[in-house]
Amino acid sequence: MPELPEVETVRRGLADRLTGRTLVRLDVHDPKLVSRSAIPPASLIGGRVTDVARRGKWILCRMQDLYLVLHMRMSGQLLFDTDTARPPRASLHFDDGTRLDFVDQRRFGELLVWEQLDVGLLDARLGPEADTIRVDDLRRCLASRRGRLKAALCNQAVLAGIGNMYADEILWRARLASDRPAGSLDSTESRRLARAIRRVLGEALAAGGTTTRDGLYVTSEGDPGRFTMHLDVYQRDGEPCPRCGTPVERVKQGGVSVYWCPGCQS
DNA sequence: CAATTGACCTGCAGGC
DNA sequence: TGCCTGCAGGTCAATT
């Protein structure tokens, strides 16, 4: 599922190909994709892409006074000029002939048109960007939280960009158990966690993200992510922990799977 | 205010 | 073979 490294990889792909381009045609094949947009998507036609930014898992394409806002949710793919097996939910055509398709098996993704004001509102409901988090900011984010550490890491209002897969990888790297109360970390553990967040997300981004066995994540050029082989615990239940050899366990916590090593995470 | 739960979706795996 | 159930999880709204 697209988390910060995947969304950032896609953002870079879009920035490369779309900056300076003008949208000449927009075909929405699935109305649900745009149903939460207060401004009709057709308003973007004739607009030129001046900048492609990212906030958490949201992609924000500035098109002069409006923003094309994209969220891939579980299975969204943004693909340039590919002939996919799956029909796109929308296709965007640009002045140089480039076509960008929004393909989305599970149909949770969204395409929205926002004004500057709405971008500000997004900022207010997201925590700081996870990939650059520093230990003192992290402690502020987690302080006085009584819920589970993993839930806090995955909560976009606390920290923006982490999802289920990287939360497990980060917790393994930091040698922390997912069910620890978020506010219970001492200063050593907080330092370890902040470092693990930056390291895991940074390495995953450098590898162009992670394509899991569902194969749903690919870059905007259609390439799979190369971090897959570097996963230490995610979807590796039963395999020996790379650090201590204890078999990796999979448990259910708050409705989602947690992959972790009971031998070295506490 | 913080935490939890259900809803939204589709494809696929597993059981019978 | 075919039907059914459960599962994958990001975000939001509603509830505790």
Side-chain angles (χ1 to χ4, degrees), chain A residues 1-11 29-38 54-60 69-78 84-90 102-112 114 118-119 121-127 129-130 140-171 178-184 201 204 209-218 225 228 231 233-238 249-260:
Chain A
M1 319 296 143
E3 303 179 33
L4 190 151
E6 290 76 30
V7 179
E8 176 62 17
T9 300
V10 171
R11 182 202 70 77
H29 304 109
D30 180 1
K32 180 181 181 284
L33 179 72
V34 302
S35 61
R36 289 211 312 146
S37 185
R54 178 189 57 77
R55 185 72 174 87
K57 300 170 189 171
W58 297 81
I59 291 175
L60 309 162
V69 178
L70 304 164
H71 199 300
M72 299 183 275
R73 285 281 178 34
M74 313 295 298
S75 59
Q77 300 172 325
L78 294 163
T84 60
R86 225 175 285 286
R89 302 181 71 193
F102 197 132
V103 178
D104 184 14
Q105 179 183 99
R106 266 134 102 174
R107 301 178 67 217
F108 280 165
E110 289 191 278
L111 187 159
L112 306 168
W114 284 357
D118 303 305
V119 177
L121 294 174
L122 176 68
D123 226 45
R125 64 177 209 253
L126 293 179
E129 289 295 312
R140 263 193 288 279
C141 292
L142 301 181
S144 78
R145 288 201 155 259
R146 287 152 16 176
R148 289 176 174 136
L149 181 55
K150 179 170 175 179
L153 290 182
C154 292
N155 184 341
Q156 304 303 295
V158 174
L159 204 56
I162 298 172
N164 195 52
M165 176 179 64
Y166 290 117
D168 284 354
E169 291 298 310
I170 287 163
L171 289 167
S178 68
D179 61 355
R180 284 280 296 275
S184 74
L201 297 181
T210 304
T211 299
T212 54
R213 51 171 160 256
D214 62 23
L216 287 177
Y217 164 71
V218 287
T228 318
L231 293 175
V233 286
Y234 184 73
Q235 291 186 343
R236 291 194 181 281
D237 44 318
E249 275 188 12
R250 173 188 176 176
V251 294
K252 212 76 173 170
Q253 194 179 283
V256 294
S257 290
V258 176
Y259 298 89
W260 74 301

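Labels below follow one simple rule: chain letters A, B, ... track the order of the sequence lines, proteins then strands, and each chain is numbered from 1.
- Here the CD-CD1 distance, from Glu8(A) to Ile59(A), works out to 8.5 Å after rounding to the nearest 0.5 Å.
- For Arg140(A), the side-chain contact (heavy atoms from CB on, under 4.5 Å) partners are Asp136(A), Asp137(A), not counting sequence neighbours.
- Applying the side-chain contact (heavy atoms from CB on, under 4.5 Å) test to Pro2(A) and every residue at least two apart in sequence or in another chain returns Glu6(A), Val7(A), Met72(A).
- In this structure, Asn164(A) atom CG and dG10(C) atom C1' are separated by 10 Å, rounded to whole Å.
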CA sep, side-chain torsions, deciding dist, call: Asp104(A), Ser75(A), side chain to side chain contact (heavy atoms under 4.5 Å, CB included):
CA-CA 5 Å; Asp104(A) 184 14; Ser75(A) 59; 2.6 Å; yes

What dot-bracket string describes DNA chain C from 5' to 3', counting Watson-Crick and G-U wobble pairs whose defining distances are under 3.5 Å, with [ ] for crossing pairs and | for pairs to another strand?
.|||||||||||||||

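- The OH-P distance, from Tyr259(A) to dC7(C), rounds to 12 Å in whole Å.
- Met72(A) has its CE atom 12 Å from the P atom of dG10(C), to the nearest Å.
- The closest donor-acceptor contact from the side chain of Gln156(A) to the backbone of Cys154(A) lies under 3.5 Å.
- Between His71(A) and the phosphate of dG10(C), there is no side-chain N or O to OP1/OP2 separation shorter than 4.0 Å.
- What separates CZ of Arg89(A) from C1' of dT10(B) is a distance of 11 Å, to the nearest Å.
- Between Met1(A) and Asp214(A), the closest side-chain pair of non-hydrogen atoms falls below 4.5 Å.
- Here dA13(B) presents its P atom at 14 Å from CZ of Arg250(A), a figure rounded to the nearest Å.
- Counting to the nearest Å, the P atom of dT4(B) and the CG atom of Asp179(A) are 12 Å from each other.
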Would Arg107(A) and Asp30(A) satisfy salt bridge (Lys or Arg N to Asp or Glu O under 4.0 Å), going step by step from the backbone distance to the final call?
CA-CA 9 Å; Arg107(A) 301 178 67 217; Asp30(A) 180 1; 2.9 Å; yes

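- Contact annotation for Ser257(A): backbone-only contact, meaning every heavy-atom pair under 4.0 Å involves sugar-phosphate atoms and none involves a base.
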Dump every N/O contact between nucleotides 12-16 of chain C and the protein below 3.5 Å, one line per pair.
from    : atom 1 : to        : atom 2 : distance (Å)
dC12(C) : OP1    : Arg125(A) : NE     : 3.4
dC12(C) : OP1    : Arg125(A) : NH2    : 2.4

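- Between the C1' atom of dG11(B) and the CZ atom of Arg213(A) lies a distance of 15 Å, rounded to the nearest Å.
- For the pair Arg236(A) (side chain) and Gly238(A) (backbone), a donor-acceptor distance under 3.5 Å is absent.
- Nucleic acid contact for Tyr217(A): none, since no nucleic acid atom lies under 4.0 Å from a heavy atom of the residue.
- In this entry the distance linking CZ of Arg145(A) with C1' of dT4(B) reads 13 Å, nearest Å.
- Between Gln156(A) and dT11(C) there is a side-chain polar atom (N or O) within less than 4.0 angstrom of OP1 or OP2.
- Atom-to-atom distance recorded for Trp114(A):CH2 and Leu121(A):CG is 8.0 Å, nearest 0.5 angstrom.
- Side-chain contact annotation: Thr210(A) with Tyr166(A), donor-acceptor N/O pair under 3.5 Å present.
- Interatomic distance, CG of Leu231(A) versus CG of Asp168(A), reported as 10.0 Å (0.5 Å rounding).
- Annotation: side-chain contact (heavy atoms from CB on, under 4.5 Å) contacts of Arg213(A) (sequence neighbours excluded): Gln235(A).
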Pairs under 3.5 Å (N/O, protein and nucleotides 7-9 of chain B):
none

